[in-house]
Amino acid sequence: MPKLSHRHRILVLAICCMSLLIVSLDNTILNVALPAMGREFDAGVSGMQWTIDAYTLVLASFLMLAGSTADRIGRRKVFQAGLLVFTLGSVLCSLAPNLECLVAFRMVQAVGGSMLNPVAMSIITNTFTEPRERARAIGVWGGVVGISMAAGPLVGGVLVDSVGWRAIFWVNLPVGLAALFLTARYVPESRAPKPRRPDPVGQLLVIALLGALTYAIIEAPTAGWTSPLIMTFAATAAAALVGLLLYEPRREEPLIDLRFFKSAPFSGATVIAIAAFAALGGFLFLATLYLQDVRGLDALHAGLWMLPMAAMTLVCAPLSGRLVGARGPRPSLLIAGVAMTASGVLFAAYEAETATASRLIAYILFGVGFGFVNAPITNTAVSGMPRAQAGVAAAVASTSRQIGQTLGVAVIGAILASGVASSSYATGFTAAARPAWWVITGCGLAVLVVGTLTSGRWAQETARRTAQRLPQENMLADHGDRG
């Protein structure tokens, strides 16, 4: 990649952040619109779960492929293709005649989304090569998630109440088209000097693992946890996992290089990403349905309740980026773990949703925690992987996030579906919410414990030893990219 001026680098960062904005905005807007969609399509809890998980599942399945493809054929080309497909998918979602079509069109969106975030992160990684500058850029990147969380519920609430839920997908059109034009004009092409070869078997195993596991969790409350159908899908997921563990180490250039997981910081970043985003997915799903279906708020007022959490994420994300650049990931991870755990405990043990003040405090705490967790995840994952395969490196972090969000919605939704099925909706929901909040609390505690264990000196030593054992061309260092 040619050397860019500071102004040009900032412009590239802004363009990449536009792609993150529409992808993140889409999820937060969609959560607010779930009850309206459910009423129009007469969908139960599992139907609403699929409108979210169909997207995150496909996204998680194809992020690695998109990252390696971008390294091979050109990051700008793949990024532009992703913008085009995502925008087209948004148009199709707005026209969906039934739930099945909406879920299918969400999957089209996800194919485009898989070509956006990891590729944009690899562009940022290769544009901002100085560690401090890169950490700050990643902090800005994380701040965009806060913007989407702040704008999404408000914009979604206004659109759902005034125009209808279909309008939430129209927001993506102007941003997507503008990003497409600006990318062609200002983002330089780049690719890895030694990109990895495709791994179709590994790709199929990843799809089988994530798809079968998610289906089993979501459909189990309806079909029965011990039904032949659910047991078959659970066995398929287990077989796919075993297949990955046995097959990938045998390949010279695997889809997932399992050797990197010998690095404690990298493994920790992966676990933390899954836990943090499982908490986020479950939190948004649970809170949105509670506010609208149990408390009876309209979409706009439910969105306003999400604003304190989103505002704190917006404020804390860039602060976390600066803190990671100055002090490393540990302080940010400790703050994130404590805040997310405290928020979950307020709901699980003290029924924070029943009182305005305690609910507000719990939302603020979760926003602080989520705001601080993003930058250390991304910085640790990208720094612990080879820059020569920056697309794959960014895709690992993004895949972990999407897996976490998929599992969070699946597990929390399954708990709610079991409670609702055994009682009236409001009574069953309230009873099932307690164990659901404890699951979210456990995710926050996992962020705290794993962050503490994998950010110490011994963890850095494992990362150094792991790097020494890798082939020279895979080292994070001084490989230039072809422009």
Side-chain angles (χ1 to χ4, degrees), residues 9-10 13-14 16-17 19-21 23-24 117-118 120-150 265-277 279-280 309-340 365-385 387 390 393-402 404-405 443-444 446-448 450-452 454-455 459-460 463 476:
R9 292 199 302 275
I10 296 300
L13 174 62
C16 290
C17 285
S19 73
L20 177 63
L21 178 64
V23 173
S24 301
N117 286 4
M121 180 53 69
S122 68
I123 292 172
I124 291 172
T125 302
N126 285 275
T127 300
F128 296 88
T129 55
E130 196 275 322
R132 282 180 181 269
E133 189 180 43
R134 184 177 61 205
R136 290 172 182 169
I138 291 173
V140 173
W141 170 268
V144 174
V145 177
I147 294 174
S148 70
M149 290 180 67
F266 176 74
S267 296
T270 303
V271 173
I272 291 166
I274 292 173
F277 277 76
L280 175 67
M309 177 182 71
M312 295 312 299
T313 300
L314 176 62
V315 171
C316 293
L319 293 178
S320 179
R322 292 189 180 92
L323 187 60
V324 170
R327 302 290 298 274
R330 191 169 212 177
S332 290
L333 290 174
L334 295 180
I335 293 172
V338 169
M340 295 175 77
L365 283 172
F366 193 90
V368 170
F370 190 73
F372 270 95
V373 83
N374 247 320
I377 290 173
T378 305
N379 192 70
T380 302
V382 172
S383 298
M385 292 279 281
R387 231 186 78 203
V396 170
S398 295
T399 300
S400 301
R401 289 177 169 89
Q402 298 306 324
Q405 192 160 352
C443 291
V447 172
L448 176 61
V450 176
T452 301
T454 60
S455 58
Q460 300 301 322
L476 171 65

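Numbering starts at 1 and runs along the sequence shown. Below, each value reflects all heavy atoms present in this structure, side chains not excepted, and no hydrogens, waters or symmetry copies.
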Notebook entry, point to check: Could you walk me through whether Phe366 and Leu280 pass the side chain to side chain contact (heavy atoms under 4.5 Å, CB included) check?
Noted result: CA-CA 9 Å; Phe366 193 90; Leu280 175 67; 4.0 Å; yes

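In this structure, the side chains of Ile335 and Val368 come closer than 4.5 Å at one or more pairs of heavy atoms. The closest side-chain heavy-atom distance from Phe370 to Val447 is not below 4.5 Å.
Heavy atoms of other residues, nucleotides or ligands lying less than 6.0 angstrom from CZ of Arg9 number more than 12.
To the nearest 0.5 Å, atoms CG (Leu333) and CD1 (Ile377) are separated by 7.5 Å. Put simply, CG on Leu314 and CE on Met309 are 12.5 Å apart, with the number rounded to the nearest 0.5 Å. Here CG of Asn374 is found 11.5 Å from SG of Cys316. Values are rounded to the nearest 0.5 Å. Note that CZ of Phe372 and CE of Met312 are 8.0 Å apart. Values are rounded to the nearest 0.5 Å. One finds the CZ atom of Phe277 at 4.5 Å from the CZ atom of Arg401 (value rounded to the nearest 0.5 Å).
Screening Leu334, Ile272, Val324 against Pro376 for a side chain to side chain contact (heavy atoms under 4.5 Å, CB included) leaves a single residue, Val324.
Judged by distance alone, the side chain of Ser332 and the main-chain N or O of Pro329 form no donor-acceptor pair under 3.5 Å. Judged by distance alone, the side chain of Thr313 and the main-chain N or O of Gly367 form a donor-acceptor pair under 3.5 Å.
For the residue pair Ala279 and Cys443, the shortest heavy atom distance occurs at CB-CB, 3.8 Å. Considering every non-hydrogen atom in both Cys16 and Ile123, the closest pair reads SG-CG2, 3.9 Å.
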